[in-house]
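Data block below; observations after.
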Amino acid sequence: MRKTNVIIFAIAVIVFAGTFLISLVSLPSDNTTSSSSKNRQMSMTAHKTFKVPKSGIHSLMGKTEKQILRTLGKPERTDPSKFGYRWFIYGKASEKYVQIGIDNETNRVTTIYALGKKLKTNPFAIGDESQKIYEKVPIADEVSLTYRGTKIDFELNEEDMMVRPLMKFGKIWVQLNFDHLSDRLIGIRYMTTEVLAMQHPYSMTYQGNLPETPTLTEAQWTAVNQSEDREIFDVSNVLRLRFKKKMLQWNDAAQQAAYKHSKEMKMKNYFSHGSKWSGDLKTRLDRENINFQMAGENIAAKYPDALAVSLGWLNSVDHRKNLLNDDFTELGVGSYQNYYTQDFVRPMIP
């Protein structure tokens, strides 16, 4: 069984003219705790009356690439993923932000991530309180499925139920992403059974064989790393927009500092802002010739993808302080094979 834990640590230090806001490591955990019977009762009540709407963003699941292009137009960007599909990105820096995942072999939509409030996500409404949603749809802390003869049982703990509950949605699956501090729906992930079985984002038991994730070459990993950098940047700015914060500008030098730190953590097998090989955040930023008034860093490891790690940071009080800090103006993101670093800066005024 696989578990997830979030490890959080925050430091504020003043070094010369620079202020550092640092949130330590976010790690997905093994999940063992079950949620309350109240959620089960709400789920059973909702299940009796719930019907999947005929229209909405979910209706794009299973559509071909040509149908998506005809419906939504040319994507603003196409990103490779580590799971055998490519993301079509639409609505950057807006409340129409959505990622459409198209399988590399079938050329059909196998997953969707809807983040923008202006998307048609009925019966859910992004921004709604969890209680309102739980009254509409069947949510349970134990979910079972079968994929090509393999029986999988997911067990969702209290954190899962609060932040990322899962439900069957007709022939597909929906993971609801909540901001637990405001108790409101932030985003929605739609998945086929194959994608859910491949990513298996919850504590689980299974009988049989799980679908394998593709084996990537070094060049493919480089492309995926760069895609996740951009996706984390895009999602971070949509979240800042949601909370009425100024959007961040991309900083190439900060990206390099972040990437080198993520790679070093992966290669040296450690989790920390401080390194005996490359120093602390100030040292790493100085090495990239970044003159700053203020800097902050979020790091994470072993999340399934850029979307999951972004949600993890939002739902950690100390990581959230960096993510939504009014004083930061620029951001560099560096991903390396499931290790992630965000370096926030406010440059020194010339």
Side-chain angles (χ1 to χ4, degrees), residues 26-28 64-66 68-69 74-90 92 97-113 189 191-192 194-201 209-237 250-271 275 277-278 284 287-288 297-310 312-313 331-343:
S26 285
L27 287 169
T64 66
E65 178 179 347
K66 288 184 178 179
I68 294 300
L69 293 173
K74 184 178 179 181
E76 295 166 50
R77 191 178 70 240
T78 301
D79 289 347
S81 81
K82 68 194 81 165
F83 295 112
Y85 51 79
R86 58 198 181 278
W87 288 115
F88 278 13
I89 311 295
Y90 295 94
K92 289 193 300 179
Y97 187 86
V98 63
Q99 296 187 194
I100 308 291
I102 300 178
D103 187 83
N104 293 335
E105 294 185 2
T106 65
N107 281 323
R108 290 185 177 273
V109 178
T110 55
T111 185
I112 297 172
Y113 191 74
R189 191 189 290 250
M191 297 171 281
T192 62
E194 180 178 16
V195 170
L196 177 59
M198 184 184 300
Q199 296 188 12
H200 46 82
N209 298 313
L210 296 174
E212 295 183 0
T213 56
T215 300
L216 304 185
T217 65
E218 193 65 31
Q220 288 172 325
W221 262 119
T222 297
V224 168
N225 293 337
Q226 293 171 350
S227 293
E228 294 198 315
D229 291 351
R230 294 189 293 263
E231 289 160 20
I232 290 172
F233 179 77
D234 289 341
V235 170
S236 297
N237 266 335
W250 182 260
N251 185 307
D252 284 325
Q255 186 277 332
Q256 279 299 300
Y259 169 76
K260 291 174 182 177
H261 191 55
S262 292
K263 183 175 182 179
E264 183 183 274
M265 287 192 294
K266 168 73 173 181
M267 302 302 290
K268 301 291 187 181
N269 192 28
Y270 76 96
F271 297 94
S275 164
W277 297 280
S278 58
R284 295 194 298 273
R287 190 174 293 116
E288 301 301 327
E297 183 171 82
N298 287 342
I299 58 179
K302 301 179 182 178
Y303 281 85
D305 59 13
L307 300 169
V309 74
S310 297
W313 280 328
L331 172 63
V333 183
S335 307
Y336 186 82
Q337 298 186 16
N338 298 334
Y339 282 65
Y340 305 94
T341 302
Q342 286 181 308
D343 280 347

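Count residues from 1 along the sequence.
Heavy-atom neighbours of N104 CG from other residues, nucleotides or ligands within 6.0 Å: above the threshold of 12.
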* Go through the steps for V98 and Y113 under the test side chain to side chain contact (heavy atoms under 4.5 Å, CB included), then give the verdict. => CA-CA 6 Å; V98 63; Y113 191 74; over 6 Å; no
* To do: Go through the steps for S275 and Y270 under the test side chain to side chain contact (heavy atoms under 4.5 Å, CB included), then give the verdict.
  => CA-CA 9 Å; S275 164; Y270 76 96; 3.2 Å; yes
* **Verdict with reasoning, Q99 to F88, per side chain to side chain contact (heavy atoms under 4.5 Å, CB included)** => CA-CA 6 Å; Q99 296 187 194; F88 278 13; over 6 Å; no
* Apply side chain to side chain donor-acceptor pair (under 3.5 Å) to the pair K263 and N225, showing each step before the final yes or no. => CA-CA 10 Å; K263 183 175 182 179; N225 293 337; over 6 Å; no
* Step by step, would you call S236 with L331 a side chain to side chain contact (heavy atoms under 4.5 Å, CB included)? -> CA-CA 9 Å; S236 297; L331 172 63; 4.3 Å; yes
* Steps toward side chain to side chain donor-acceptor pair (under 3.5 Å) verdict (S335, D229) -> CA-CA 6 Å; S335 307; D229 291 351; 2.8 Å; yes
* Could you please spell out the steps behind the side chain to side chain donor-acceptor pair (under 3.5 Å) verdict for E264 and Y336? => CA-CA 9 Å; E264 183 183 274; Y336 186 82; over 6 Å; no
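In this structure, F271 has its ring center closer than 6.0 angstrom to the ring center of Y339.
Under the side-chain contact (heavy atoms from CB on, under 4.5 Å) rule, M198 has a single partner from T213, L210, T192, which is T213.
Rounding to the nearest 0.5 Å places CD of Q342 at 6.5 Å from OG of S310. Residue R287 holds its CZ atom at 6.0 Å from OG of S278, rounded to the nearest 0.5 Å.
Side chains of T341 and E297: no donor on one and acceptor on the other come within 3.5 Å.
The two residues P304 and K82 make their nearest non-hydrogen contact at O-NZ, 3.2 Å.
Using cut-offs of 30° and 60° for the angle between ring planes, the Y340 and W313 rings count as perpendicular.
Residues V333 and I232 form a side-chain contact, since some pair of their non-hydrogen atoms from C-beta on lies under 4.5 Å apart. Put simply, the side chain of N237 does not reach to within 4.5 Å of the side chain of K92, judged on heavy atoms. Put simply, the side chain of Y97 reaches to within 4.5 Å of the side chain of I89, judged on heavy atoms.
A salt bridge is defined here as a Lys NZ or Arg NE, NH1 or NH2 lying under 4.0 Å from an Asp or Glu carboxylate O, and R108 with E65 fails to meet this definition. For R86 and D79, the salt-bridge test fails: no basic side-chain N is under 4.0 Å from an acidic carboxylate O. Using a 4.0 Å cut-off between charged side-chain N and carboxylate O, K260 and D343 make no salt bridge.
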